[in-house]
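When a residue number appears, it is its place in the shown sequence, counting from 1.
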Amino acid sequence: MSDECIFCRIINRELPGDIVYEDDRVVAFRDINPQAPVHLLIIPRRHIPTLADVSDDDTELLGHILQVANVLAGKFDVKKSGYRIVNNCGADGGQVVFHLHFHLLGGAPLGRFA
Ligand code: 5GP
Ligand code: ZN
């Protein structure tokens with residue numbers, strides 16, 4: 001938990017968040033500024049700043065996040081039509097919130113990435 005981290009504060013219900021899934025390791029909520037009809041953020045409960053900060057101990061957690069993404073794709077009806085998982089890592093990767101998160105985007109054809 002980081003007091004300054006908005007995602008930690010959403011997890012702890014100190015800030016509002018449209019939470020759509022949670023378990024003992026992972027929380028998912030709607031992005032406040034959606035870039036597609038379905039735009040969710042899937043994050044670990046533990047405050048890990050970026051993907052570059054994970055270790056071998058986090059291998060199972062990372063796999064679990066992708067499994068949760070697939071479950072949510074089903075729940076939000078984009079599993080058949082397709083979806084995209086995005087992680088922006090660090091400054092050059094375009095990361096703005098430094099609590100590891102994976103974007104789940106879908107519900108319309110998405111453009112090619114930059
Ligand atoms: P990044 O560029 O770090 O990968 O993306 C951060 C994402 O977090 C952005 O898509 C942004 O819209 C979203 N975001 C930023 N602040 C909040 C917030 O307070 N609540 C929610 N639900 N999403 C946020
Ligand atoms: Zn955090």
Side-chain angles (χ1 to χ4, degrees):
M1 162 75 190
S2 161
D3 287 344
E4 272 97 76
C5 173
I6 53 173
F7 287 178
C8 283
R9 296 184 73 193
I10 288 173
I11 291 170
N12 291 329
R13 268 66 174 184
E14 293 166 19
L15 286 176
D18 191 353
I19 292 174
V20 297
Y21 175 89
E22 59 185 325
D23 63 29
D24 57 330
R25 285 172 286 172
V26 167
V27 176
F29 49 91
R30 289 182 197 272
D31 196 293
I32 205 168
N33 183 22
Q35 303 299 308
V38 175
H39 188 170
L40 307 178
L41 300 172
I42 305 166
I43 74 174
R45 282 190 183 277
R46 182 158 55 89
H47 182 85
I48 303 170
T50 82
L51 188 59
D53 296 303
V54 303
S55 70
D56 281 351
D57 292 343
D58 299 313
T59 301
E60 202 192 334
L61 172 66
L62 293 172
H64 181 59
I65 287 172
L66 291 181
Q67 291 283 16
V68 167
N70 204 29
V71 168
L72 287 171
K75 189 171 164 187
F76 284 82
D77 208 23
V78 297
K79 201 164 178 173
K80 270 196 183 156
S81 50
Y83 59 92
R84 181 177 295 165
I85 302 296
V86 173
N87 171 255
N88 298 323
C89 180
D92 280 3
Q95 186 171 1
V96 174
V97 178
F98 282 75
H99 181 131
L100 175 64
H101 55 278
F102 292 81
H103 299 254
L104 190 165
L105 298 144
L110 303 169
R112 299 300 299 175
F113 34 83

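Atom CD1 of Ile65 is separated from atom CD1 of Ile85 by 10.0 Å, given to the nearest 0.5 angstrom. The distance from the CG atom of Leu51 to the CG atom of Leu62 is 6.5 Å, given to the nearest 0.5 Å. Distance check, rounded to the nearest 0.5 Å: CD1 of Ile10 to CG of Leu41 gives 8.0 Å. Rounded to the nearest 0.5 angstrom, Gln35 CD and Leu110 CG are separated by 10.5 Å. Taking CD of Glu4 as the start and CZ of Phe98 as the end, the distance is 14.5 Å to the nearest 0.5 Å. With values rounded to the nearest 0.5 angstrom, Cys8 atom SG is found 11.0 Å from Arg46 atom CZ.
Shortest non-hydrogen contact noted between Gly106 and Val78 is C-CG1, 4.0 Å. Shown here for His39 and Asn33, the closest heavy-atom pair between the two residues is ND1-O, 4.1 Å. Closest of all the heavy-atom pairs between Pro37 and Gly107 is CG-O, 3.6 Å. A pairwise comparison of heavy atoms in Gly94 and Asn88 identifies C-CB, 3.9 Å as the closest pair. Shown here for Leu105 and Ala36, the closest heavy-atom pair between the two residues is CD2-CB, 4.0 Å. Nearest heavy atoms, Arg45 versus Val26: CG-N, 4.1 Å.
Few gaps surround CG on Asp24; more than 12 heavy atoms of other groups in view lie less than 6.0 Å from it. Around atom CG of Asp92, no more than 12 heavy atoms belonging to other residues, nucleotides or ligands sit under 6.0 Å away.
In this structure, Glu22 contributes its side chain and Val27 its backbone to no donor-acceptor pair below 3.5 Å. Checking side-chain atoms of Asn70 against main-chain N and O of Gln67 turns up no donor-acceptor pair under 3.5 Å. A distance-only check finds no donor-acceptor pair linking the side chain of Asn87 to the backbone of His103 [under 3.5 Å].
Taking the six-membered ring where tryptophan is involved, the planes of His47 and His99 are perpendicular, since the angle between them exceeds 60° and thus also 30°.
In the hydrophobic clustering of ILVMFWY residues, with side-chain heavy atoms under 4.5 Å counting as a link, Phe29 and Leu40 come out apart. Criterion: ILVMFWY side-chain heavy atoms under 4.5 Å apart, direct or through other members. Under it, Leu100 and Leu66 are part of a common hydrophobic cluster. If you chain together hydrophobic residues whose side chains sit under 4.5 Å apart, Tyr21 and Phe76 fall into the same group. A single hydrophobic cluster is seen to contain both Ile11 and Leu15, as judged by linkage of ILVMFWY side chains at heavy-atom distances under 4.5 Å, directly or through other members. No path of Ile, Leu, Val, Met, Phe, Trp and Tyr side chains, each step under 4.5 Å between heavy atoms, connects Ile43 with Ile48, placing them in separate hydrophobic clusters.
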Between Leu61 and Val54, is a side chain to side chain contact (heavy atoms under 4.5 Å, CB included) present by the stated rule, with each step listed?
-> CA-CA 10 Å; Leu61 172 66; Val54 303; over 6 Å; no
Are Asp53 and Thr50 close enough, and set up right, to give a side-chain hydrogen bond (donor to acceptor under 3.5 Å, both in side chains), and what steps lead you there?
-> CA-CA 5 Å; Asp53 296 303; Thr50 82; 3.0 Å; yes
